[in-house]
Engineer: 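I have a structure I would like to understand better, so I am pasting it below and will then ask my questions one at a time.
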Amino acid sequence: MIIILYLLAAVVCGLLGRKTSFGFLGHFILAIVITPIGDFLVQIVARPSRDVREKIKDLDEY
């Protein structure tokens, strides 16, 4: 039961990190290696993906 909850938390970390430079798989693996709580802290400082940065840049031009 604990393993299932741990993996579920890692999947949630991956989903939350989809729009960062690590992406889903990077955050999923990182959550498994350093715990989901540690991955949440990494997501706070993670760089947005290139697509998100370009959309932000386009909005700033208007």
Side-chain angles (χ1 to χ4, degrees):
M1 186 68 174
I2 293 173
I3 294 173
I4 293 171
L5 290 174
Y6 192 87
L7 289 175
L8 184 62
V11 168
V12 170
C13 286
L15 291 173
L16 291 173
R18 288 179 299 179
K19 304 257 183 190
T20 64
S21 58
F22 287 163
F24 173 83
L25 189 60
H27 280 288
F28 176 73
I29 293 171
L30 193 61
I32 290 175
V33 172
I34 66 167
T35 74
I37 294 172
D39 184 58
F40 283 129
L41 296 174
V42 170
Q43 287 183 25
I44 291 171
V45 297
R47 183 177 184 185
S49 66
R50 182 176 299 146
D51 295 335
V52 172
R53 289 192 315 262
E54 288 176 1
K55 287 179 183 177
I56 292 171
K57 184 181 175 184
D58 290 341
L59 290 175
D60 285 342
E61 290 177 358
Y62 291 110

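It should be emphasised that the depicted structure is a prediction, and the values quoted were computed from it without experimental measurement.
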Engineer: Looking at CG of Leu7 and CD1 of Ile2, how far apart are the two atoms once the value is rounded to the nearest 0.5 Å?
Structural biologist: 12.0 Å
Engineer: Honestly curious: do Leu30 and Leu41 fall in one hydrophobic cluster under the side-chain, below-4.5 Å linking rule?
Structural biologist: no
Engineer: To the nearest 0.5 Å, tell me how far Arg50 CZ sits from Glu54 CD.
Structural biologist: 7.0 Å
Engineer: Is there a path of hydrophobic side-chain contacts, each under 4.5 Å between heavy atoms of I, L, V, M, F, W or Y residues, that connects Leu25 with Ile34?
Structural biologist: yes
Engineer: Please round to the nearest 0.5 Å and tell me the distance separating atom CG of Leu15 and atom CZ of Phe28.
Structural biologist: 10.0 Å
Engineer: Is it true that Val42 and Ile32 fall in one hydrophobic cluster, defined by side-chain heavy atoms closer than 4.5 Å?
Structural biologist: yes
Engineer: Please name the pair of heavy atoms, one in Asp39 and one in Cys13, separated by the smallest distance, quoted to 0.1 Å.
Structural biologist: OD2-CB, 3.0 Å
Engineer: Atom CZ of residue position Phe22 - does it have more than 12 heavy atoms of other residues, nucleotides or ligands inside 6.0 Å?
Structural biologist: no
Engineer: Could you list all the side-chain hydrogen bond (donor to acceptor under 3.5 Å, both in side chains) pairs where at least one residue sits in residues 14-26, not counting sequence neighbours?
Structural biologist: Thr20-His27
Engineer: Looking only at heavy atoms, what is the nearest atom pair of Val11 and Phe24, with distance?
Structural biologist: O-CE1, 3.8 Å
Engineer: Any chance you could measure Asp58, atom CG, to Lys55, atom NZ, to the nearest 0.5 Å?
Structural biologist: 9.5 Å
Engineer: Is there a path from Ile37 to Leu16 through hydrophobic residues (I, L, V, M, F, W, Y) whose side chains come within less than 4.5 Å of each other?
Structural biologist: no
Engineer: Does atom CD1 (Ile3) have a neighbourhood of more than 12 heavy atoms from anything else shown, all under 6.0 Å?
Structural biologist: no
Engineer: Provide the closest heavy-atom pair for Tyr6 versus Ala31 in the form atom of the first, atom of the second, distance.
Structural biologist: OH-O, 3.3 Å
